[in-house]
Amino acid sequence: LAVAIGAVMLFFTYKSPKPIKIDAQLFNRYLQIFDESVNLFMSTNKPETFWGRYADAENAAAQMASMTDAPIVHNESPQEAVSMLSRDKSAATNAFLERYAREVKMKAFELTRGRKAKVESFMLITSEYEDKMSDENISYRDELYEEMLSKIENI
């Protein structure tokens, strides 16, 4: 019985957040940066905004994680926010690439001349961020590019 009680106490002690006194104002500022950045990178069609705000969200989550492991970031620990950003980066990047390709395609089809140059700008601009993309993202970007090129060549 003593071993079972000791195991339960050890479990709850291990699972409970570390009691760390944090600067609430600074923490709330990082939480605000995190929330704004996530909202922006999930909706933007601009490459510099997507990758800049993704980096801002990662930095804010890391700063919050260094302050506490209490579940105070939307009922999750800051470490979970760090993990989520790392785990979902490829999917978020592919979703951005799709939004950006859709925007470029729409603008290209509005043009009477320069369609190919507009589509090529998609590849040129996203190539500047290849160091921030996984191989899967680069392959997906290349597929989107080839698809856009084939559609404008058929017009």
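Every heavy atom of this structure was used, including side-chain atoms; hydrogens, water molecules and symmetry mates were not.
- Nearest heavy-atom pair, Y145 versus M123, reported as atom, atom and distance to 0.1 Å: CD2-CE, 3.4 Å.
- Under a 4.0 Å N-O distance rule, the pair E80/R87 qualifies as a salt bridge.
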Margin query: One pair to check against side chain to side chain contact (heavy atoms under 4.5 Å, CB included): E146 and S150. What are the steps and the verdict?
Written below: CA-CA 6 Å; E146 292 298 326; S150 69; over 6 Å; no
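- Looking at S86, its side chain never comes within 3.5 Å of a backbone N or O of S83 through a donor-acceptor pair.
- Separating the CD1 atom in I33 from the CZ atom in R53 is a distance of 8.0 Å, to the nearest 0.5 Å.
- The ring-ring contact (aromatic ring centres under 6.0 Å, His included) with Y100 is formed by just one residue from the set W51, F41, F122; it is F122.
- Here the OH-CG distance, from Y140 to L144, works out to 4.5 Å after rounding to the nearest 0.5 Å.
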Next item on the list: Could you go through the side chain to side chain contact (heavy atoms under 4.5 Å, CB included) check for K105 and V119 one step at a time?
Entry: CA-CA 7 Å; K105 196 179 343 178; V119 169; over 6 Å; no
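- The structure places CE of M64 at 12.0 Å from CZ of R29, a figure rounded to the nearest 0.5 Å.
- R99 contributes a side-chain N or O that, together with a main-chain N or O of M42, makes up a donor-acceptor pair within less than 3.5 Å.
- How far CG of D35 is from OH of Y30: 15.0 Å, rounded to the nearest 0.5 Å.
- We find the CZ-NZ distance between F109 and K151 to be 6.5 Å, quoted to the nearest 0.5 Å.
- Annotation for D131: atom CG counts as buried by contact number, over 12 foreign heavy atoms lying within 6.0 Å.
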Next item on the list: I would like to know whether S37 and E58 meet side chain to side chain contact (heavy atoms under 4.5 Å, CB included); could you show each step before the answer?
Entry: CA-CA 9 Å; S37 295; E58 289 174 319; over 6 Å; no
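- Note on ring orientation: taking the six-membered ring where Trp is involved, the planes of F50 and Y54 are tilted (angle from 30° to 60°).
- The one candidate from K89, E136, R141 that meets the side-chain hydrogen bond (donor to acceptor under 3.5 Å, both in side chains) condition with N94 is E136.
- No side-chain N or O of D142 forms a donor-acceptor pair with one of S139 less than 3.5 Å apart.
- Although no hydrogens or angles enter the test, the distance criterion places no donor-acceptor pair under 3.5 Å between the side chain of N39 and the main chain of E36.
- Contact between S90 and S134 at its shortest, heavy atoms only, is OG-OG, 3.5 Å.
- Of the inter-residue distances, the one linking T44 atom OG1 with E103 atom CD reads 8.5 Å to the nearest 0.5 angstrom.
- Here the closest heavy-atom approach between residue V82 and residue A65 is recorded as CG2-CB, 4.1 Å.
- Side-chain heavy atoms closer than 4.5 Å link hydrophobic residues (I, L, V, M, F, W, Y) into clusters, and following such links, possibly through other members, connects Y129 to L85.
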